[in-house]
Chemist: 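Take this structure first; my questions come after.
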Number of protein chains: 2
Amino acid sequence: MKKGERSKARILEATGHLLARQGYHGTGLAQIVKEADAPRGSLYFHFPGGKEEIAARALVEVGRRTRGELATALEGARSVGDALDALLGYFAEQLRASDFELGCPVATVALEAAATSAPVREAALEVYGAWQELATRFAHGVGLEGDAANDMGLAILSTIEGALLLARVQRSTEPLEASGRVLRKLLGV
Amino acid sequence: MKKGERSKARILEATGHLLARQGYHGTGLAQIVKEADAPRGSLYFHFPGGKEEIAARALVEVGRRTRGELATALEGARSVGDALDALLGYFAEQLRASDFELGCPVATVALEAAATSAPVREAALEVYGAWQELATRFAHGVGLEGDAANDMGLAILSTIEGALLLARVQRSTEPLEASGRVLRKLLGV
DNA sequence: CTCGGAATATGATGATCGTTCTAGCACCGT
DNA sequence: ACGGTGCTAGAACGATCATCATATTCCGAG
């Protein structure tokens, strides 16, 4: 890998880190280059689109990685109930390990920039689309098909996103656990 | 009402408006005094705590008002199914009327500032606590009691919050509607 | 070894951020 | 009408914001 490529990768990783914790407007370019230990002068060389482009690509990257981790966690489950525990447990662990600073790595930026930045909104759309597809596959696992599976996937994703929001505000995993109990009842597992 | 009181009220109302659409760091004090048509010099006279205090009090205010509107919408419902429609319909209308700029008026700021501003986080905590109590009362309406009602209230709130997030990203009320269909099945109404 | 483009360094740009300061206006009870 | 205080006007603070221009270094291909 060439030098430029590594700089780019480090910038995107650091940006994903910072955006998840502080949001879009709360994260400055100066902080990004510092955290990435990257050359300040080459920011606009690698990302001519400026901050919007950096944020959008960082969002896609962190979403792709999260999706991968969730997928492997789901594959390791031996029952639908286990899979649900794996899903919620993954996020609960992230919350605890970060002192409730890290919930959904996309949500904050998505809400901030959905109305003002088309590239960022489209990146969030892509990430949530992929996650929704994962949730719909999960719904297939409990015997749902067609529209019912789509609805269920979207509802599961909504519930988890909302629970992650409330968990950060309450500084507690209780919303995740309560949602887990209700989802388990809903799915009959 | 004295002059100072009216200035304070206008500032809080304008701030609630702006925070809901642009978040905490995306909203500047200059924009607030402009939107409120309020005197810039008296910002720190009325709110010595600065931006944090203004945001926290605006959040509580908008949360209180929203809770009132939701409560009256719920009282007008003649069945549990109607009540659910009223709940989701209220937010769907907000989204449509604002071209999908206005979802949950608290969520963006809550995510941005939960980890960095204690006053803002506590304000969000208070608002969500009141809303959760409303959702739990709703759960009582379908015959649930005790822990089951608490879990259901928290899960309903989580689902709606998540659906509002996804709706803004997708620029569509579909997440709200899908969640509504699933919730109706879950509640058996 | 050399040459040329890729990548980085440095610093300045104007704008806006939140905050604070000092005057001075407006309105109150007396 | 008067004094006093509740409130406002307006500017200035240093800091930081995103962006960009220019100069310099790196590195691989020929």
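The sequence lines fix the lettering, A, B, ..., with proteins before strands; numbering per chain opens at 1.
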Chemist: Within less than 4.0 Å of OP1 or OP2 of dT8(D), is there a side-chain N or O belonging to H46(B)?
Modeler: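 Checking H46(B) against dT8(D): at least one side-chain N or O falls below 4.0 Å of OP1 or OP2.
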Chemist: Look at the side-chain heavy atoms of Ile, Leu, Val, Met, Phe, Trp and Tyr, link any pair under 4.5 Å apart, and say whether L144(B) and V182(A) land in one connected group.
Modeler: yes
Chemist: Nearest whole angstrom, please: distance from the P of dG18(C) to the CZ of F47(B).
Modeler: 15 Å
Chemist: Closer than 4.0 Å, any side-chain N/O of S42(A) to the OP1 or OP2 of dA7(C)?
Modeler: no
Chemist: NZ of K51(B) versus P of dT16(C): gap in Å, rounded?
Modeler: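 It works out to 15 Å between those atoms.
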Chemist: From NZ of K34(B) over to C1' of dT8(D), roughly how many Å is that when rounded to an integer?
Modeler: 19 Å
Chemist: What's the CG-P distance between L43(B) and dG18(C), to the nearest Å?
Modeler: 10 Å
Chemist: Taking only side-chain nitrogens and oxygens of Y44(A), does any of them come within less than 4.0 Å of OP1 or OP2 of dT19(D)?
Modeler: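 Yes, such a contact exists.
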Chemist: If you check the A30(B) side chain, which of dC17(C), dA18(D), dT19(C) turns out closest?
Modeler: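 Minimum distance to the A30(B) side chain belongs to dC17(C).
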Chemist: Grab the CD-P distance between Q22(A) and dT16(D) for me, whole Å please.
Modeler: 14 Å
Chemist: Is there a side-chain polar atom (N or O) of S7(B) under 4.0 Å from OP1 or OP2 of dC7(D)?
Modeler: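 No, outside the criterion.
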Chemist: Checking all strands, does G50(A) fall into the base, sugar-phosphate, or nothing category for heavy-atom contacts under 4.0 angstrom?
Modeler: sugar-phosphate
Chemist: More than 12 heavy atoms of other residues, nucleotides or ligands under 6.0 Å from CD of E52(B): yes or no?
Modeler: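 Enclosed.
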Chemist: Quick one: is the NZ or CZ of K8(B) closer than 6.0 Å to the six-membered ring centre of F45(B), and within 45° of its axis?
Modeler: no
Chemist: Check whether Y44(A) forms a cation-pi arrangement with K51(A) (NZ or CZ under 6.0 Å from the six-membered ring centre, at most 45° off the ring normal).
Modeler: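 Output no; distance or angle outside limits.
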Chemist: What integer distance in Å separates R6(A):CZ from dC26(D):P?
Modeler: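 Those two atoms, CZ and P, are 15 Å apart.
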Chemist: To the nearest Å, how far apart are R10(B) CZ and dC7(D) C1'?
Modeler: 13 Å
Chemist: Using a 6.0 Å cut-off, check whether atom CG of D99(A) has over 12 heavy atoms from anything other than its own residue.
Modeler: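 Atom CG in D99(A) is packed in, count exceeds 12.
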Chemist: Nearest heavy atom decides the nucleotide; on that basis, is F45(A) or R40(A) closer to the 5' end of DNA chain C?
Modeler: F45(A)
Chemist: Provide, to the nearest angstrom, the distance between the CG atom belonging to L29(A) and the P atom belonging to dA15(C).
Modeler: 19 Å
